[in-house]
Amino acid sequence: MTITTTSRPSSTHESPAPPVARRLPKSISYHSDCLTDDYFWLREKSDPNVSAYLEAENAYADAVLAGTASLRESLYTEILSHVQQTDTTVPYRKGDYLYYSRTEESKQYPIHCRKRAIAEGTEEVVLDLNEIGKDEKFISLGSYQVSGDGVLLAYSTDVTGFRQYTLRVKNMVTGELLPESVEKTVSAAWAADGRTLFYTVEDHTKRPYRLYRHTLGAPVSEDVLIYEETDQMFGLSVERSRSRAYLFLTSESHTTTEVRFLPADSPAAEWIVAAPRIHEQEYYLDHRGSHFFIRTNDNGRNFRLVTAPVSEPDRANWKERVEHRNDVMLEGVELFERHMVVVERTKGLPQFRVIDLRPYNPLPEPRKIDFPEPAYAASPDMNAEWETTTFRHSYQSLVTPRSTFDYDMERNVSTLLKQTEVPGGFDRANYRSERSYAVAPDGTEVPISIVFRADFTRDGAAPLFLKGYGSYGYPYPVTFSASNLPLLDRGVVLAYAHIRGGGEMGKAWHDSGRMLNKRNTFTDFIACAEHLIVKKYAAPDKLVISGGSAGGLLMGSVVNMRPDLFRAVISYVPFVDVINTMMDADLPLTVGEYEEWGNPNQLSEYAYMKSYDPYGNLERRDYPAMLIRTSFNDSQVMYWEPAKYVARLRTLKTDFNPLLFKTNMAAGHGGASGRYDAYRDTAFDYAFLLQQVGLAG
């Protein structure tokens, strides 16, 4: 089946003329394959010509969309009208305190607080990001680790967007900020004494490669190096078990793990390897009583659960507790003193099973927590307490706002604690969600989640906004967003393609969309787009698509494969210069990504990656309208990838459709850090979308 959109010359020629990036040809040879890159110079971040070019593109984009200023303001106002600007999260208990965060109208960032877990406890402001970041254009919170006695907080912040965090320690009782300061930290965990802090730091490629031990009051320069991961495919993370008895250091690649453990009350003791790493086998540790609970894919891609004595955790002593199943992905296990919650995914949807672990088991059969809608998202929430019979989880869908529940694991009763309030006249009865299935070229059924107004008529006349990702085994979340309401209320249908490369259908779904199977991701997405047109969810000439990061690779690839199919594209921090990036081992993420995309130093993998590389496969022809966003301080996908892509595309496109490029000069991979700034950006993007589908008037 091939579907082509109707011919669509731009209604107005672009004015003023777009910026033209200078060409400085650079010859590059890979495997005797000689390539010429005219825009390699854009990698020079300190070159004033680079920032001048990016600012010129920003000005051009603003000029082209100047006529939508009133629409953008309306969209921004509508988004805000559906946001409870002053709000509080549901408090969770940890020790003697209840912890929560809250927002205040007109303030960009959350305020993190706590109060004593007694009636009428007085609020203590722990961290006010508005105050910490008052002189910054960007701020992001990383680690947030409370010591066991509730006195100290280890937290980290990034003020550039480069995801390079500085670790600090605060006395929450006195409010004193201690002198400790450690750069480039990634994860942190307290020992039981409340004075020993373990943390990981990253190398020049942003790979967390070292674990240090710090004692409060001692100079950071004297911190003890505990472990260094020398394999560039692996990164480190440290955490403490919910039982509070053990610390775990996980060394992890995309396909392999190895875990070390340490009794939390013996911080100076030697870390012990639970089981030596085996290539392409993953396992993850948790603790209860005399045993470790181990989630592993040693004999099946979708994982099983085993236990082993703490004294002898090697593989020879693993005893199966939950078997591997080909049709169910075991995503995680939440352990408590008397129960465990098994987090699974089947038919693309999450589910929870609650199992009583007591020797004399008053609840012999596992209990399943049921969810009512055809497409939804559910995940464990903050469960900080060990000795509890309550499991907290969140639930939401495309039409149901985020809801926080406490599930009583003894009584099999769920209690709704809070559903996010959506002001501005929102009524979920006005919207509908569905699940549909497209058929890929090889016969695979690909799920699609769809949402629209209840009064929507499926007659093939509606604009449709289709999103996708399809990488790293990450299931595309089916979540509620108040920002979607202005589109839905204008008659736009929203859809989410659960394509291969993601994790919706388990590890096999990921495997069939990575490495030398990556093209399945792109053909799946095209099949979803065509399916939605055939089923009359969308008008053939009003299909807009979007993806970010690896989803930006998806955008670049499908547009090269089928430029005739899409009316417009919105692409965020897109990974579009695949060959040049993956051949540069000094860039962040590159080496570890060999297990996702392939290693281009191998000729066969190089040739396959080159076949879909968006930058290298641009051609002289018509392309859809495009809005591409990036950030100058992005550490995951460097700004120069989309900058080069846009510069080259301008020289090749033969249409009059707008090509707009926006760079946030003070942010990183996630875009603007302040919520109001993010809403402004969304309004800009939606104005572009509505203009392209004829709804800007």
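All values below were derived from every heavy atom in this structure, side-chain atoms included, with hydrogens, water molecules and symmetry-related copies excluded.
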Checking side-chain polar atoms at under 3.5 Å, does [X] have a donor or acceptor matched by the opposite partner on [Y]?
X: Tyr283; Y: Gln281; value: no
X: Ser379; Y: Ser394; value: yes
X: Glu124; Y: Tyr99; value: no
X: Ser101; Y: His112; value: no

Quick one: do [X] and [Y] make a salt bridge, cutoff under 4.0 Å?
X: Arg402; Y: Asp381; result: yes
X: Asp356; Y: Arg358; result: yes
X: Glu331; Y: Arg353; result: no
X: Glu229; Y: Arg277; result: yes
X: Arg367; Y: Glu365; result: no

- Query: How are the rings of Tyr246 and Phe292 set to each other: parallel, tilted or perpendicular (split at 30° and 60°)?
  - Reply: perpendicular

- Message: Tell me which one of His254, His510, Arg514 satisfies side chain to side chain donor-acceptor pair (under 3.5 Å) with Glu596.
- Response: His510

- Item | Cation-pi, Tyr97 ring and Arg114 (6.0 angstrom, 45 degrees) | yes

Considering only distance and modelled atom types, tabulate donor-acceptor pairs under 3.5 Å from the side chains of residues 467-479, sequence neighbours left out.
residue, atom, partner, partner atom, Å
Ser471, OG, Lys518, NZ, 3.0
Tyr472, OH, Glu593, OE1, 2.2

- Under 6.0 Å between the ring centres of Phe248 and Trp271? no

